[in-house]
Q: 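I have a structure here, written as structure tokens, and I will follow up with some questions on it.
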Amino acid sequence: MALGHRLPFHPRAGGRFGQRCRGAVLIPPIERIAQTGSTNADLLARLASGEHVGEGHWLVADRQTAGRGRLGRDWNDGQGNFMGSTVVHLTIGDPSAATLALVAGVALAKTVAALAPGVGAQLKWPNDLLVDGAKCAGILMERTGNSVVIGIGANLVAAPDLPDRPTATLAGQGASLDRDHFAGALGIAMIDALWTWRQEGVASIVRAWLPLAHPLGTPLHVSEQRIDGTFDGLAEDGALRLRVAGGGTMLVHAGDVELRRPVEEGR
């Protein structure tokens, strides 16, 4: 994970995150709290109150009591896991805000690959990180005005029991990661991915995302449309390419996508 030279950055200093200064990368401020309902909800509330939350600022909690995932799913925390949120402030010229899920995915996958290289985690469109097909981390994006709050939950040591999908931990794969070290590495990786998104565009992020994902041809199921197909990469705008029966390809711009599990014998 090539991140350039790391420079200290004071929370009150000027500068825009997602940009580099002569090849250097600014280290983001990380605010740690013992417990909260949801780091995403906290940052959204701060923004709604008019408080300035600098881009790249991270709010990281030891525990969350009302964490949530995509489509309103509960996402209960575990002590020692990573639970944090950051803010991106959109400006004229930025790519589509929806593609920030790919930005966060690239940052997350590169962080895990750098800190736990033997795990072999893979991205699943649009916002999950999988280990052996089981969910190990997820991304939740919520927008208010011209700001996007990006929340990331990573199962470093414990995983919730979900009724509709298997879950996994990095510790279960033999990777013992310190939460604070993970937070710092993720913050820097996010800056690097944001810089690519702003300076080189979505197509460059797509090129970075694809090698970090499950292989082409992976069987997928799109829940909303109840369509099965196989992974055929991403379009230049970040949409999922799904190869369906008959050899055609459809684009999925939003939806809940699952790995299609093989039917067990006798069932």
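Just so it is clear, the structure is predicted and the values come from calculations on it, not from any experiment. Along the sequence shown, residues are numbered consecutively beginning with 1.
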Q: Check D62, T65, D42 against T36 for a side chain to side chain donor-acceptor pair (under 3.5 Å) and give me the one that passes.
A: D42

Q: Restricting to salt bridge (charged side-chain N to carboxylate O under 4.0 Å, His left out), what partner residues turn up for R207, sequence neighbours left out?
A: none

Q: I'd like to check the side-chain hydrogen bond (donor to acceptor under 3.5 Å, both in side chains) partners of S96; sequence neighbours left out, ordered by chain and number.
A: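 Applying side-chain hydrogen bond (donor to acceptor under 3.5 Å, both in side chains) to S96 gives none.
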
Q: To the nearest 0.5 Å, what is the distance between SG (C136) and CG (L170)?
A: 3.5 Å

Q: Is I227 linked to L216 within one hydrophobic cluster, defined over Ile, Leu, Val, Met, Phe, Trp and Tyr using a side-chain heavy-atom separation of less than 4.5 Å?
A: yes

Q: Can you get from V244 to L240 by hopping between Ile, Leu, Val, Met, Phe, Trp and Tyr side chains that sit under 4.5 Å apart?
A: yes

Q: Suppose we screen for side-chain contact (heavy atoms from CB on, under 4.5 Å). Which residues come up paired with A97, at least two apart in sequence or across chains?
A: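 L90, R143, V148.
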
Q: Return the minimal non-hydrogen interatomic distance between A116 and L177, and the atom names on each side.
A: CB-CD1, 4.5 Å

Q: List the residues meeting side-chain contact (heavy atoms from CB on, under 4.5 Å) with H214, not counting sequence neighbours, and say none if there are none.
A: Q122, K124, T218, L220, F231, L259

Q: How close do N40 and I150 get, counting heavy atoms only, and between which atoms?
A: OD1-C, 3.7 Å

Q: With D180, which residues qualify under side-chain hydrogen bond (donor to acceptor under 3.5 Å, both in side chains), at least two apart?
A: R32

Q: Can you list everything that forms a side-chain hydrogen bond (donor to acceptor under 3.5 Å, both in side chains) with T99? Sequence neighbours excluded, please.
A: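 By the side-chain hydrogen bond (donor to acceptor under 3.5 Å, both in side chains) rule, T99 matches W197.
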
Q: Between NZ of K135 and OG1 of T169, what distance do you get to the nearest 0.5 Å?
A: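 If we round to the nearest 0.5 Å, K135:NZ and T169:OG1 are 15.0 Å apart.
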
Q: From L186 CG over to T86 OG1, what is the distance, rounded to the nearest 0.5 angstrom?
A: 8.5 Å

Q: With side chain to side chain contact (heavy atoms under 4.5 Å, CB included) as the test, would you mind laying out the steps for V103 and L194 before giving the verdict?
A: CA-CA 6 Å; V103 173; L194 267 176; 4.2 Å; yes

Q: Does Q173 form a side chain to side chain contact (heavy atoms under 4.5 Å, CB included) with D132? I'd like the steps, not just the answer.
A: CA-CA 10 Å; Q173 301 295 314; D132 292 333; 4.0 Å; yes

Q: Looking only at heavy atoms, what is the nearest atom pair of A137 and L108, with distance?
A: CB-CD2, 3.8 Å

Q: Go through it in stages, so that I can follow the logic: the residues are W125 and V252, the test is side chain to side chain contact (heavy atoms under 4.5 Å, CB included), and I'd like the CA-CA distance, side-chain angles, deciding distance and then a yes or no.
A: CA-CA 10 Å; W125 190 92; V252 180; 3.9 Å; yes

Q: Between V222 and D256, does the side chain to side chain contact (heavy atoms under 4.5 Å, CB included) criterion hold? Intermediate values first, please.
A: CA-CA 6 Å; V222 183; D256 199 28; over 6 Å; no

Q: Mind checking side-chain hydrogen bond (donor to acceptor under 3.5 Å, both in side chains) for D228 and listing every partner two or more places apart, or none if nothing turns up?
A: H221

Q: Would you please name every residue forming a side-chain contact (heavy atoms from CB on, under 4.5 Å) with A101, sequence neighbours left out?
A: M141

Q: With sequence neighbours left out, what residues match A109 under side-chain contact (heavy atoms from CB on, under 4.5 Å)?
A: L123, L129, L212

Q: Check G138 against D128 and note the closest heavy-atom contact, atom names and distance.
A: CA-OD1, 4.0 Å

Q: How far does CE of M250 sit from CG of L242, to the nearest 0.5 angstrom?
A: 6.0 Å

Q: Using the salt bridge (charged side-chain N to carboxylate O under 4.0 Å, His left out) rule, take R198 and E55 through it: C-alpha gap first, then chi angles, then the decisive distance, then the call.
A: CA-CA 14 Å; R198 283 192 166 119; E55 181 169 292; 2.6 Å; yes

Q: Go through the structure and list residues passing salt bridge (charged side-chain N to carboxylate O under 4.0 Å, His left out) with E31, not counting sequence neighbours.
A: R46

Q: Regarding T39 and Q64, do their side chains bring together a donor and an acceptor under 3.5 Å, going by distance alone?
A: yes

Q: Salt bridge (Lys or Arg N to Asp or Glu O under 4.0 Å): which pairs involve residues 78-87, sequence neighbours left out?
A: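 The answer is none; no pair qualifies.
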
Q: Can any side-chain N or O of T111 pair as donor or acceptor with the backbone N or O of A107 at less than 3.5 Å?
A: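 Yes: the side chain of T111 pairs with the backbone of A107.
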
Q: By salt bridge (charged side-chain N to carboxylate O under 4.0 Å, His left out), which residues pair with D232, not counting sequence neighbours?
A: R241, R243

Q: So does L140 get a backbone contact from the side chain of N127, meaning a donor-acceptor N/O pair under 3.5 Å?
A: no

Q: CG of L210 to CG of L102: how many Å apart, nearest 0.5 Å?
A: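 Going from CG on L210 over to CG on L102, the span is 9.0 Å.
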
Q: What are the two closest non-hydrogen atoms of S147 and L47, and how far apart are they?
A: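 Heavy-atom minimum between the residues: CB-CD1, 4.0 Å.
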
Q: For E236, does the CD atom have more than 12 heavy-atom neighbours from other residues, nucleotides or ligands under 6.0 Å away?
A: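 Not more than 12 within 6.0 Å, no.
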
Q: For P160 and N155, which heavy atoms make the closest approach, and how far apart are they?
A: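 Closest approach of P160 to N155, heavy atoms only: CD-OD1, 3.9 Å.
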
